[in-house]
Amino acid sequence: MADELAKGYQPHAFETKWYQIWEQQGYFHADQHSDKPPYSIVIPPPNVTGVLHMGHALNNTMQDILARWKRMTGHEVLWMPGTDHAGIATQNVVEKQLVSEGQDRHDVGREQFVERVWQWREESGGQIINQLKRIGASCDWERERFTMDDGLSTAVREVFVKLYDDGLIYRANRLINWCPRCHTALSDLEVEHDDKKGSLWHLRYPVKGSDQQLVVATTRPETMLGDTAVAVHPDDERYQDLIGKMVVLPLIGREIPIIADDYVDKEFGSGAVKITPAHDFNDFEMGKRHNLENINILDESGIINENGDAYQGLDRNTARAKVVVDLEAQGLLEKTEEHLNSVGECYRCKTVVEPYMSLQWYVDVQPLAKEAIKAVETGQTRIIPAQWEKTYYEWMYNIQDWCISRQIWWGHRIPAWFCADCGEITVSREDATHCCKCNSSNLQQETDVLDTWFSSALWPFSTMGWPENTSTLKKFYPTSCLVTGFDILFFWVARMMMMGIKFMGEVPFKDVYIHALVRDAQGQKMSKSKGNVIDPLTVIEEYGTDAFRFTLTAFAAQGRDIKLSTERIGGYRNFCNKLWNASRFAMMNLEGFEPVEQPQWDQLNLSLADRWILTRLTQVEQQTNKALEEYRYNEVANALYAFTWHEFCDWYIELIKGDLYGERSGDDGAAKLSAQTVVYTVLERLLRLMHPVTPFITEEIWQKLPGTRPVASIMLSSYPQGDGLVQDAAATAQMEQVMEVIRSIRNIRGEMDVSPGKKITALFDCKTEEICSVMTAAQHYITSLARIENLTCGVGLDQPEQVAKQVSGEVEIMLPLAGLINIEEEEKRLIKEIAKVQKDVDMFSKKLSNEKFVANAPAAVLEKDRGKLAAAQDKLIVLQEGLEKIIALK
RNA sequence: GGGCGAAUAGCUCAGCUGGGAGAGCAUCGGUCUUACACACCGAGGGUCACAGGUUCGAGCCCUGUUUCGCCCACCA
């Protein structure tokens with residue numbers, strides 16, 4: 001086995017292999033009839049059009065860690081996977097294909113188009129599923145769902161009909177956000193606002209029956225074609241005499257009134273605003289207040305319609321330019337200023353959206369939001385980190401009715417039928433054949449489809465078979481945790497909360513863990529246009545999946561964005577390599593070792609190092625479980641990293657080499673057996689402990705360990721809980737002292753430039769018999785790790801004349817110079833060291849001489865500080881004596 | 001305009017209930033010491049953004065300021 005390890009850490013050699021085995025063996029499958037306690041997660045379904053990006057990688061790594069950890073702690077884990085049909089996004093992909101064939105969707109017709117989207121989905125959709133497998137996602141793929149599949153479509157209709165029957169779905173003719181490219185309405189959330197440099201044009205409107213001109217300022221001059229008033233502030237002294245008069249709309253010639261409304265800001269522009277109720281949300285409201293006419297000047301592609309007179313047929317942008325030119329030609333353009341304003345864009349195609357009058361379907365979400373707020377307030381659902389609660393509440397309090405109809409073809413067609421005879425709307429679970437009012441069969445189904453987020457909102461229960469009362473729902477709803485990015489908190493999480501409570505009577509998830517955004521090393525959002533995208537699959541190619549997952553875990557501190565750099569991933573690849581080599585070392589020394597399931601610790605002759613590492617492992621196991629419990633992923637990674645590298649590898653393995661190689665004097669083989677047992681135990685448990693984060697390397701090594709495993713895969717083993725090991729606080733403290741002494745000697749050697757190969761003599765003048773016996777017992781550690789060939793320990797030792805000195809706790813270390821240490825260097829070193837210790841002495845003396853501190857500080861703090869002061873004072877004296885002697889030698 | 005977050009070593013960031021400031025990378029010096037040079041040993045490096053306050057004691061709590069980021073909102 002060790003031979004295979006000798007080839008080095010080559011992640012690609014085994015990652016795919018293990019994933020296939022796990023999947024084939026059904027280890028990812030959740031049994032809804034199991035007696036084990038349930039743990040469930042629904043995946044945020046990626047778009048079928050999606051390609052795995054960093055956000056997915058992070059999101060799914062976090063989920064996979066939870067899923068694997070919970071499986072190992074005896075839970076029946078359901079990680080429900082699937083994809084979202086992504087209405088507009090997917091339709092756009094197929095439309096683009098058509099365009100490349102010289103067609104558009106109207107050429108092929110609705111039915112054929114939808115057929116074609118399904119075909120596309122069969123052939124190239126869902127590639128992201130395989131990419132998720134590459135990162136190790138242990139989803140129950142047997143249950144994979146799609147928001148457009150039959151079961152989910154049934155759920156969608158059920159919800160629509162119920163909401164309609166409850167009076168929570170209605171139709172209304174209002175201004176909505178319209179994408180002239182996608183030809184559909186968008187919800188408020190689907191419009192992204194971006195501050196853009198534009199112009200503010202000041203236009204002169206002639207006042208009827210006078211020579212006066214009223215100046216209005218606008219950022220969208222083409223909308224003047226649809227103006228039906230000009231508004232001023234009722235208190236604006238400049239315009240008192242104009243209120244109630246008419247202006248003649250230039251270019252069009254229409255006479256429109258000058259009205260007064262206190263919405264108008266006197267300070268802005270000229271203080272007069274042109275009012276276009278059909279193309280501006282504020283103007284629409286004002287139009288309602290003043291009974292103004294709504295004149296729509298655009299068609300659904302953003303082209304000026306018949307209401308635009310001479311401008312009919314022009315694109316809105318062309319029309320804008322022409323309006324400005326024409327007004328200027330007539331001397332009606334007062335001035336043009338630069339202006340920064342927020343422009344709404346379609347979140348799918350980035351086209352500037354237009355406020356547009358149309359008849360749409362809405363959900364009255366207020367009653368649903370109320371319950372969703374309460375669920376978080378009462379703690380039925382926890383949001384982690386808690387700071388996001390506020391954002392959630394804020395949005396929920398100010399929630400607006402949800403426009404759910406989309407004028408596209410790909411999606412759940414709204415289950416409403418219009419009667420051609422009586423005009424009644426029939427809403428039905430099954431395809432309606434007769435009007436619910438007049439029984440006519442002359443029905444036409446609504447052509448609109450539902451917002452893609454409508455079906456996503458049902459995801460936690462629709463995927464489990466709702467509206468049937470399935471055993472899966474009984475076992476796994478509500479889900480344990482939802483892991484998601486904050487960017488879809490409103491789009492998705494909030495709506496799932498509302499729908500879950502409404503239709504299941506229970507919140508959809510107990511915890512919502514919200515993670516950060518992955519950015520590039522400079523902190524910029526990754527985007528294709530910036531060219532700063534790091535492709536997760538490329539990273540996996542280069543560094544392996546485990547290194548990548550470990551990096552994401554280590555970076556995932558709560559509440560901060562992740563700045564990803566490939567250097568860091570390389571660092572964690574090195575860590576995997578370290579683990580690999582440590583395992584190789586262990587296995588080289590476990591020839592003939594027969595592991596037992598539960599070692600009898602008291603039967604073994606455990607060394608100080610053994611006791612120390614077992615105690616530390618116990619602590620790390622507890623720490624890891626606690627951090628996982630609290631979603632402190634970075635702490636999980638850091639604890640595992642530090643323990644593995646800096647304790648297990650840097651110290652423990654070095655400490656036991658003497659035992660393993662039988663170099664320790666008077667060894668009867670007991671030391672070797674105990675070291676073997678411990679190194680095996682620590683490694684085996686460490687692998688299990690790390691498995692949720694780095695599933696592949698841990699499985700690969702675990703399978704290679706000597707002896708037989710009680711289960712077929714590390715996935716099926718239990719998660720270490722910090723029990724069943726030796727805990728020895730005294731041994732741990734002694735080991736720490738020994739390590740400190742070794743560090744001190746190494747420090748002197750380093751500072752004094754003593755070659756690492758050179759063996760030197762050391763004397764330890766110990767303060768007490770106790771510490772002396774600790775050092776004596778640990779002699780072999782000190783001689784081998786600090787490269788000492790002759791160590792003398794004692795209490796009140798005679799001090800040779802020429803020594804380098806250091807104090808480590810209760811041990812005074814003396815390294816006889818004997819020609820290897822430069823006296824000037826030692827003097828400099830001591831002066832530096834004394835200065836450091838002097839600072840400590842000063843600080844603690846000052847603190848402890850402060851009466852208020854002594855009077856108020858807790859006893860434990862006082863005692864600790866007094867101890868530290870005493871130690872520092874002792875150290876100072878010894879070092880000063882040492883310095884005097886060195887100076888005397890000169 | 002409202003809300004949220006951030007500011008700690010050269011860089012990227014930890015620091016959870018207030019008790020002598022930490023990691024990784026980078027830097028410098030030394031090592032091919034029989035698992036690992038993707039390594040080992042050692043070292044240097046901080047006015048915890050600024051100004052006040054509370055406290056025996058503040059990176060942490062309070063107030064204000066500055067800079068940056070994000071979200072929400074209809075200012076033409």
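Chain naming here is simple, since letters A, B, ... match the order of the sequence lines and numbering starts at 1 in each.
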What integer number of Å spans the [atom1] atoms of [N] and [M]?
N     : M     : atom1 : answer
B:C74 : B:U66 : P     : 27 Å
B:C48 : B:A58 : P     : 12 Å
B:C28 : B:U65 : P     : 44 Å
B:U27 : B:A35 : P     : 28 Å
B:C11 : B:C71 : P     : 26 Å
B:C60 : B:G52 : P     : 14 Å
B:G45 : B:G2  : C1'   : 42 Å
B:G20 : B:C13 : P     : 27 Å

Mind checking [X] for me? I need base, sugar-phosphate or nothing, with any heavy atom below 4.0 Å counting as a touch.
X        : answer
A:Phe844 : base
A:His646 : sugar-phosphate
A:Arg220 : nothing
A:Trp645 : sugar-phosphate
A:Thr391 : nothing
A:Phe281 : nothing
A:Asp283 : nothing
A:Pro355 : nothing
A:Asp265 : base
A:Cys576 : nothing
A:Asn341 : sugar-phosphate
A:Val264 : base
A:Phe575 : nothing

Considering only [options], which nucleotide approaches the side chain of [X] most closely?
X        : options             : answer
A:Lys563 : B:G42, B:C56, B:U12 : B:U12
A:Lys657 : B:A35, B:C13, B:C56 : B:A35
A:Lys832 : B:C4, B:G44, B:A76  : B:G44
A:Pro756 : B:A35, B:C16, B:U33 : B:U33
A:Asn581 : B:A76, B:C36, B:C56 : B:C36
A:Tyr263 : B:A35, B:C56, B:C75 : B:C75
A:Lys852 : B:C56, B:A35, B:C75 : B:C56
A:Asp840 : B:G20, B:A43, B:G5  : B:G20
A:Ala217 : B:A35, B:A76, B:G44 : B:A76
A:Phe555 : B:C38, B:U12, B:A14 : B:U12

Should [N] form a Watson-Crick or G-U wobble pair with both distances under 3.5 Å, which nucleotide is its partner?
N     : result
B:U17 : none
B:C50 : B:G64
B:C40 : B:G30
B:C4  : B:G69
B:A9  : none
B:G57 : none

Are [X] and [N] close enough that a side-chain N or O sits under 4.0 Å from OP1 or OP2?
X        : N     : answer
A:Tyr393 : B:C4  : no
A:Lys390 : B:G3  : no
A:Asn574 : B:A39 : yes
A:Arg746 : B:G42 : yes

Stepwise ring pair (Phe, Tyr, Trp, His ring centres under 6.0 Å) check, A:Tyr641 with A:Tyr572
CA-CA 9 Å; A:Tyr641 183 98; A:Tyr572 289 112; 5.5 Å; yes

Below 3.5 Å, does any donor atom in the side chain of [X] face an acceptor in the base of [N], or the other way round?
X        : N     : value
A:Lys578 : B:C36 : yes
A:Lys868 : B:G20 : yes
A:Arg573 : B:C38 : yes
A:Glu654 : B:A35 : yes

Does the plane of the ring in [X] sit parallel, tilted or perpendicular to the ring in [Y]? Use 30° and 60° as the thresholds.
X        : Y        : answer
A:Phe648 : A:Tyr652 : parallel
A:Phe268 : A:His339 : perpendicular
A:Tyr356 : A:His279 : tilted

Crowded around A:Glu192 CD? As in, over 12 foreign heavy atoms under 6.0 Å?
yes

Check this for me: A:Glu863, atom CD, are more than 12 non-hydrogen atoms of other residues, nucleotides or ligands nearer than 6.0 Å?
no

Step by step, work out the salt bridge (charged side-chain N to carboxylate O under 4.0 Å, His left out) result for A:Asp659 and A:Lys672.
CA-CA 5 Å; A:Asp659 296 340; A:Lys672 181 171 179 176; over 6 Å; no

Assess whether ring pair (Phe, Tyr, Trp, His ring centres under 6.0 Å) is satisfied between A:Tyr631 and A:Tyr513, documenting all intermediate values.
CA-CA 8 Å; A:Tyr631 303 99; A:Tyr513 174 71; 5.3 Å; yes

A:His339 or A:Asn589, whichever maps to the more 5' nucleotide of RNA chain B
A:Asn589

Upstream residue (5' side of RNA chain B) when A:Gln387 and A:Glu630 are each assigned their closest nucleotide
A:Gln387

For the side chain to side chain contact (heavy atoms under 4.5 Å, CB included) test, which of A:Thr218, A:Leu249, A:Val216, A:Thr276 pairs with A:Met224?
A:Leu249

